[in-house]
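Read the structure below first, then the notes.
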There are 2 protein chains.
Amino acid sequence: MRNNLKKEESQLDGIDARLIELLYDNARTPVTELARAVGMTAPSVNERLKRLEESGVISGYRVEVNPLVLGYSLMAIVRMRQLPGKMKALEAQIDSIAEIVECDKVTGDDCYIARLYLKDISQLDPILDSISELADTNTAIVKSTPVTRRLLI
Amino acid sequence: MRNNLKKEESQLDGIDARLIELLYDNARTPVTELARAVGMTAPSVNERLKRLEESGVISGYRVEVNPLVLGYSLMAIVRMRQLPGKMKALEAQIDSIAEIVECDKVTGDDCYIARLYLKDISQLDPILDSISELADTNTAIVKSTPVTRRLLI
DNA sequence: CGTGAAATATCATAGCA
DNA sequence: TGCTATGATATTTCACG
């Protein structure tokens, strides 16, 4: 994985866009099948994928795991505002909590917004307690997901 | 993709967990290479993957695209509270905005929390305007991402 | 950037432990 | 559940337009 990410917009042609859509649907689709779908040969598709990877457009291929099936029946979104002088400690604490799968630092009154999976609601309190000396928190439980993470190209 | 998702926790053995980690790192890793990594033969790994897919633990394999390289230089998190009687219209509007790549409906004062990509800051106002008759909004710009979406198993 | 062809590697299935 | 064996596919490289 190279590091020559372009900051400027690298526009995709129709075929690259289609390849990415197909790989978003199933990242393990064989190159030959991708080639059939876009009306090209396997080697050309292979080269296109290499270019997309090396230019940084494609940053990876990831398996997607269903947290529900693993017993994580709740998702929560926790907004945090660190207490004075506690920023680094808060970030370390956030990083150490495995149930936090994502966290952004943002402008505005809330400083951090994190996404959290829980096996049941009783897990929430200990986790929030472990943060309470570092930040004020505000927790929302996810009831449904009108837009599931989707592709933007 | 079958639909026999188990609601109860289906615990992974060490090998399944390792396979998922390897596929989280690179979902296109050939089965033979996975097999080498876990000290098994390709057919057995293949069967394990099938089982993980059919039990719903693995819900898919997705390409990951770097929005920065495509010119989306800003990420924002928008919290929304729908105005009376506008819930369905708001959900439809949210769904129609391609830049919103994710949206959750949550408990609490904010009803919806969405993640948004922007090519530049001037794109923000038109998008918020298109929502303003359906919901009150509160927007935070992402400054950094202390925890990038990570695997929970 | 694309192709065809050939060498190498991988996948899928079936039969057995 | 796992392994070996095997035929069918897929990937990769290269010479060439």
Side-chain angles (χ1 to χ4, degrees), chain A residues 1-6 8-66 69-71 153, chain B residues 1-66 69-71 151 153:
Chain A
M1 223 67 72
R2 243 33 116 270
N3 212 6
N4 42 343
L5 306 182
K6 303 174 204 160
E8 330 86 56
E9 178 173 355
S10 87
Q11 196 40 56
L12 304 178
D13 69 16
I15 291 189
D16 284 347
R18 182 80 186 111
L19 291 174
I20 287 177
E21 281 171 3
L22 290 163
L23 289 169
Y24 191 76
D25 191 52
N26 177 12
R28 285 181 71 81
T29 310
V31 173
T32 46
E33 194 178 323
L34 298 174
R36 274 192 293 276
V38 301
M40 280 191 174
T41 60
S44 12
V45 169
N46 219 345
E47 272 195 22
R48 276 176 178 266
L49 294 184
K50 286 239 163 62
R51 282 196 292 273
L52 289 168
E53 289 160 13
E54 281 169 12
S55 67
V57 173
I58 290 180
S59 54
Y61 306 91
R62 301 217 143 30
V63 68
E64 186 181 86
V65 169
N66 185 339
V69 180
L70 294 180
I153 50 181
Chain B
M1 220 68 73
R2 242 34 116 268
N3 212 7
N4 41 342
L5 306 182
K6 303 176 203 157
K7 291 273 173 46
E8 329 87 55
E9 179 173 355
S10 87
Q11 196 41 55
L12 304 178
D13 68 16
I15 291 188
D16 284 346
R18 183 77 188 114
L19 291 174
I20 287 176
E21 280 171 4
L22 290 162
L23 289 169
Y24 192 75
D25 191 52
N26 177 12
R28 285 181 72 79
T29 310
V31 174
T32 47
E33 195 179 322
L34 298 174
R36 274 192 293 276
V38 301
M40 278 190 173
T41 60
S44 348
V45 169
N46 218 345
E47 273 193 22
R48 275 176 178 265
L49 294 184
K50 286 239 165 61
R51 281 196 294 272
L52 288 168
E53 291 161 10
E54 283 171 12
S55 67
V57 173
I58 290 180
S59 54
Y61 305 91
R62 316 227 107 96
V63 70
E64 186 182 85
V65 169
N66 185 337
V69 180
L70 294 180
L151 184 61
I153 50 180

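All values below were derived from every heavy atom in this structure, side-chain atoms included, with hydrogens, water molecules and symmetry-related copies excluded. Chain A is the first sequence line, chain B the second, and so forth, proteins listed ahead of strands; every chain is numbered from 1.
Of the possible donor and acceptor atoms, none in the side chain of B/Thr32 sits under 3.5 Å from a partner among the backbone N and O of B/Ala42. Checked by atom type and distance alone, the side chain of A/Thr29 never pairs as donor or acceptor with a backbone atom of A/Leu23 at under 3.5 Å.
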Discussion item. Generate the contact string for nucleotides 10-17 of chain C. Rules: B means base contact, S means sugar-phosphate contact only, - means no protein heavy atom under 4.0 Å.
Written reply: SSBB----
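Every stem involving DNA chain C, taken as at least 3 paired positions in a row under the Watson-Crick or G-U wobble test at 3.5 Å, is listed here: C:2-17 with D:1-16.
With values rounded to the nearest 0.5 angstrom, A/Leu34 atom CG is found 11.5 Å from A/Ser44 atom OG. With rounding to the nearest 0.5 Å, the separation of CZ in B/Arg62 from CG in A/Asn26 is 8.5 Å. Between atom CZ of residue A/Arg28 and atom CG of residue B/Leu49 there is a gap of 6.5 Å, rounded to the nearest 0.5 Å.
Taking only side-chain nitrogens and oxygens, A/Arg48 comes nearer than 4.0 Å to OP1 or OP2 of C/dG2.
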Report, one line per pair, each donor and acceptor closer than 3.5 Å where one atom sits in a side chain of residues 13-20 of chain B; sequence neighbours left out.
from, atom 1, to, atom 2, distance (Å)
B/Asp13, OD1, B/Ile15, N, 3.1
B/Asp13, OD1, B/Asp16, N, 2.8
B/Asp13, OD1, B/Arg48, NH1, 3.1
B/Asp13, OD2, B/Arg48, NH1, 3.0
B/Asp13, OD2, B/Arg48, NH2, 3.2
B/Asp16, OD1, B/Arg48, NH1, 2.8
B/Arg18, NH1, B/Glu21, OE1, 3.3

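In terms of heavy atoms, A/Thr41 sits closest to A/Ala35 at C-CB, 3.6 Å.
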Fill in: Intermediate values then yes/no, side chain to side chain contact (heavy atoms under 4.5 Å, CB included), B/Ile153 and B/Val57
CA-CA 10 Å; B/Ile153 50 180; B/Val57 173; over 6 Å; no
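Here C/dC1 presents its C1' atom at 8 Å from CE of A/Met40, a figure rounded to the nearest Å.
The same atom, P, is picked in D/dC16 and in C/dC1; the two are 22 Å apart, to the nearest Å.
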